[in-house]
A.B. asks: 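Once you've had a glance at the structure underneath, I'll fire off some questions.
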Protein chains: 2
Amino acid sequence: MSAPWITFRPELKVLDCTIRDGGLVNSHLFDDDVVRAVYQTCVESGIDYMELGYKGSRKLFAPGKFGDWKFCDEDDMRRIVGDNDSSLKLAAMADAEKTDYHEDILPKEKSVLDVIRVATYVHQIPVAIDMIRDAADKGYEVTCNLMAVSVLQDAEIDQALESLRDTPASTVVVVDSFGSLYGEQIGRLVDRYRAAFEGTGKEVGIHAHNNQQLAFANTIESIIHGCNRVDATMAGMGRGAGNCPMELLLGFLKNPSYRIRPVLQLLQEHFVGLREKLEWGALVPYNITGQLNQHPRGAIEMLSGEDRNNFVELYDRLVADL
Amino acid sequence: MSAPWITFRPELKVLDCTIRDGGLVNSHLFDDDVVRAVYQTCVESGIDYMELGYKGSRKLFAPGKFGDWKFCDEDDMRRIVGDNDSSLKLAAMADAEKTDYHEDILPKEKSVLDVIRVATYVHQIPVAIDMIRDAADKGYEVTCNLMAVSVLQDAEIDQALESLRDTPASTVVVVDSFGSLYGEQIGRLVDRYRAAFEGTGKEVGIHAHNNQQLAFANTIESIIHGCNRVDATMAGMGRGAGNCPMELLLGFLKNPSYRIRPVLQLLQEHFVGLREKLEWGALVPYNITGQLNQHPRGAIEMLSGEDRNNFVELYDRLVADL
């Protein structure tokens with residue numbers, strides 16, 4: 001009997017999305033030294049990709065209300081990474097219908113970015129496909145995050161995957177936006193995505209949320225089912241319940257090109273302090289929205305108010321609204 | 001294709017061990033109103049078993065240093081539960097070599113307890129078997145927790161299970177004491193235990209720790225593999241990283257005899273306050289000991305000291321000692 005958990009797959013690659021998904025906790029208002037520390041940690045830990053933020057539309061998002069990482073302008077990125085003289089690839093997320101992609105995504109040769117990650121709800125797939133082609137034509141590696149898959153019908157998923165099959169997206173990511181999926185469901189989704197892309201060379205990715213304390217476990221499950229592109233964040237920082245914690249993921253992956261010690265150093269130097277100012281993690285209100293397969297906004301609102309620990313009131317309200 | 005996660009197995013039973021395992025956080029010094037609230041919540045939620053504490057030896061544990069739940073004297077238990085006029089079964093844990101079981105475990109007809117849970121390391125199995133027979137002879141349902149299974153050889157596990165096969169223990173529990181096991185490992189252990197007890201009517205249990213944020217996921221995995229006796233604690237309270245949280249478990253189990261709302265009520269009325277005074281959960285130092293398959297004591301010591309966030313120092317020290 002074999003013990004696959006002590007082996008590794010060299011083709012599996014890790015993406016850090018701390019500043020992008022964690023930026024949803026603080027409107028992307030990170031101090032430069034935190035962004036620089038995350039960048040340097042990614043380089044030192046052998047992490048493959050780092051997502052710096054969004055390519056958000058200035059028509060939709062007022063620059064005064066958001067930090068630089070809502071927009072990922074070239075000058076702001078280069079202030080942190082210079083010309084990125086490292087093997088770490090840099091990514092930015094472009095949300096369908098929230099990005100002025102024709103103007104704001106520059107030709108690859110003018111950008112320090114390597115990858116554009118197009119994020120889309122299922123009803124935005126046609127827009128997303130146009131964005132994928134635009135970014136690929138400009139010279140980027142392009143991936144696609146199909147969000148909120150836990151509320152989609154199988155037929156919708158299949159249609160979306162078929163539509164994405166003939167695009168230049170190199171990876172399509174299973175995104176459990178509400179942190180509601182159990183391991184068995186994640187495994188089946190990865191199987192479904194892999195089957196849809198058989199013969200195309202496309203990889204399947206995973207982006208898990210921690211509402212039910214399952215982000216790390218579901219990430220492992222997806223890896224067992226052949227997922228080779230894995231998202232994680234430092235200290236699990238991310239909107240609401242947060243994400244799969246990098247410090248757990250790197251402890252699981254046995255590829256010797258990854259090193260956990262720089263991540264631990266980053267956590268003690270920067271994230272202990274961030275946790276004193278900002279809140280994320282699998283708090284009870286997020287457990288409730290995750291169990292009910294709902295967007296965490298009800299929990300986020302309650303936690304920002306006076307009556308932040310009235311779990312029963314939240315539960316009763318969400319159940320009544322079902 | 002079926003969706004087993006929306007079904008339930010009526011034979012699956014849940015045990016709350018908040019006061020027992022959580023008592024390792026505060027030397028069992030719970031206020032009576034907390035113990036009473038947990039008891040009432042277990043009754044209202046339809047939980048099957050509640051473990052009140054240990055049957056600890058007064059020769060080893062000075063009563064002045066520990067709360068009543070280190071000893072579970074009859075008068076103390078009845079102060080909370082009266083004659084336990086409910087369908088909830090009450091349990092106490094008896095540690096091998098730490099319990100004066102001949103004297104301190106009364107005949108069943110003189111006790112409000114229903115179940116004795118004998119906990120043993122593998123080298124104490126002969127003592128544990130004597131304790132199991134003693135408690136069964138006195139009229140109790142008896143179960144056995146084989147601890148720290150993540151550091152045992154397969155041959156040792158098989159020998160222990162063979163030795164337990166002919167005892168009156170009704171359940172043998174897979175105990176991931178260090179919170180180091182991944183789901184695949186948990187599944188294989190449950191398979192191994194079930195195979196060893198085939199034809200005996202014995203059930204397999206699970207007691208997971210949360211060092212790697214895997215307690216809930218591993219509990220689900222064990223259930224998928226046929227485990228029918230499941231330990232959890234309110235708010236995941238337990239030594240170090242804590243346990244599988246009851247509020248997550250009841251959200252997963254679809255048996256209509258369980259109700260989550262009383263648990264949420266308990267959490268907001270008592271456990272929000274307890275968390276302000278006591279610390280447990282999947283903190284980074286516990287991630288590290290879990291990854292290294294070590295007892296959490298190094299992490300517990302560091303967290304109680306001045307330099308409690310020096311994760312790199314802990315990591316370097318534990319790796320150097322391997």
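Here is the naming used below: chain letters follow the sequence lines, and residue numbers restart at 1 for every chain. These numbers come from the heavy atoms of this one structure, side chains and all, not from hydrogens, waters or symmetry mates.
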A.B. asks: So which of B:Glu247, B:Glu269, B:Arg261 has the biggest tally of heavy-atom pairs under 4.5 Å with chain A?
C.D. replies: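 That would be B:Arg261.
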
A.B. asks: Return the CH2 to CG distance between B:Trp280 and B:Asp21, rounded to the nearest 0.5 Å.
C.D. replies: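 Rounded to the nearest 0.5 Å, the CH2-CG separation comes out at 11.5 Å.
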
A.B. asks: Which bit of A:Leu267 comes within less than 4.5 Å of chain B, counting heavy atoms only: side chain, backbone, both or neither?
C.D. replies: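 Looking at A:Leu267, backbone and side chain both touch chain B.
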
A.B. asks: If you measure only the distance, is there a donor-acceptor pair under 3.5 Å linking the side chains of A:Asp321 and A:Gln294?
C.D. replies: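 No donor-acceptor contact under 3.5 Å links the two side chains.
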
A.B. asks: So do the side chains of B:Leu253 and B:Ile223 get within less than 4.5 Å of each other, counting heavy atoms only?
C.D. replies: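 A side-chain contact under 4.5 Å exists here.
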
A.B. asks: Just give me the residue among A:Phe216, A:Tyr182, A:Tyr315 that pairs up with chain B most often, heavy atom to heavy atom, under 4.5 Å.
C.D. replies: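 Looking at each option in turn, the highest pair count goes to A:Tyr182.
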
A.B. asks: Going by atom types only, do A:Gln185 and A:Asp176 share a side-chain donor-acceptor pair under 3.5 Å?
C.D. replies: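 Short answer, no.
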
A.B. asks: Contact part of A:Val284 toward chain B, heavy-atom cut-off under 4.5 Å: side chain, backbone, both or neither?
C.D. replies: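 Only the side chain of A:Val284 comes within 4.5 Å of chain B.
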
A.B. asks: In terms of heavy-atom proximity below 4.5 Å to chain B, should A:Leu292 be classed as side chain, backbone, both, or neither?
C.D. replies: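 Contact with chain B is absent: no heavy atom of A:Leu292 under 4.5 Å.
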
A.B. asks: Check whether any side-chain heavy atom of B:Asn243 sits under 4.5 Å from a side-chain heavy atom of B:Asp231, and report yes or no.
C.D. replies: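 When only atoms from C-beta onward are counted, B:Asp231 and B:Asn243 do not touch, as no gap falls below 4.5 Å.
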
A.B. asks: Atom NZ in A:Lys254, atom CH2 in A:Trp5: separation rounded to 0.5 Å?
C.D. replies: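 Here the rounded value is 10.5 Å.
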
A.B. asks: Count the heavy-atom pairs under 4.5 Å between each of A:Asn218, A:Ile260, A:Val263, A:Ile220 and chain B, then report the option with the highest count.
C.D. replies: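 The option with the most such pairs is A:Ile260.
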
A.B. asks: Side chain, backbone, both or neither: which part of A:Leu248 has a non-hydrogen atom closer than 4.5 Å to chain B?
C.D. replies: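 Contact with chain B: backbone and side chain both.
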
A.B. asks: I'd like to know which of B:Pro4, B:Ala215, B:Gly183 tops the heavy-atom pair count under 4.5 Å against chain A.
C.D. replies: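 Ranked by contacts with chain A, first place is B:Pro4.
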
A.B. asks: A:Pro262 versus chain B, heavy atoms under 4.5 Å apart: side chain, backbone, both or neither?
C.D. replies: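 For A:Pro262, no heavy atom lies under 4.5 Å from chain B.
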
A.B. asks: Taking the side chain as everything from C-beta on, heavy atoms only, tell me whether B:Lys13 gets closer than 4.5 Å to B:Asn228.
C.D. replies: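 No, every pair of side-chain atoms sits at 4.5 Å or beyond.
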
A.B. asks: Taking 4.0 angstrom as the limit, do B:Glu313 and B:Arg317 come out as a salt bridge?
C.D. replies: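 Between B:Arg317 and B:Glu313 there is a salt bridge, with a charged N closer than 4.0 Å to a carboxylate O.
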
A.B. asks: Identify the heavy atoms of A:Phe311 and A:Pro285 that sit nearest to each other, and give their distance.
C.D. replies: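 In this case the closest contact between A:Phe311 and A:Pro285 is CE2-CD, 3.8 Å.
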
A.B. asks: What part of B:Phe271 lies closer than 4.5 angstrom to a heavy atom of chain A: side chain, backbone, both or neither?
C.D. replies: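 No part of B:Phe271 comes within 4.5 Å of chain A.
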
A.B. asks: May I ask you to name which of A:Val312, A:Leu214, A:Asp316 has the most heavy-atom pairs under 4.5 Å with chain B?
C.D. replies: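 Option with the greatest count: A:Val312.
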
A.B. asks: Would you mind checking which part of A:Leu314 comes under 4.5 Å of any heavy atom in chain B, side chain (CB onward), backbone (N, CA, C, O), both or neither?
C.D. replies: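 For A:Leu314, there is no contact with chain B at all, as no heavy atom is under 4.5 Å.
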
A.B. asks: If I measure from the heavy atoms of chain B, does A:Asn310 come under 4.5 Å with its side chain, its backbone, both, or neither?
C.D. replies: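 When you check distances to chain B, atoms from both the backbone and side chain of A:Asn310 fall under 4.5 Å.
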
A.B. asks: If you count heavy-atom pairs under 4.5 Å between each of B:Val319, B:Ile224, B:Asn309 and chain A, which one has the most?
C.D. replies: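 Looking at each of B:Val319, B:Ile224, B:Asn309 in turn, B:Asn309 comes out on top.
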
A.B. asks: Under 3.5 Å, is there a donor-acceptor pair between the side chain of B:Asn287 and the main chain of B:Gln291?
C.D. replies: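 Between the backbone of B:Gln291 and the side chain of B:Asn287 there is no qualifying donor-acceptor contact (under 3.5 Å).
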
A.B. asks: Could you have a look at A:Gln212, A:Arg188, A:Glu221 and say which one has the most heavy-atom pairs with chain B under 4.5 angstrom?
C.D. replies: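 Winner by heavy-atom pair count: A:Arg188.
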
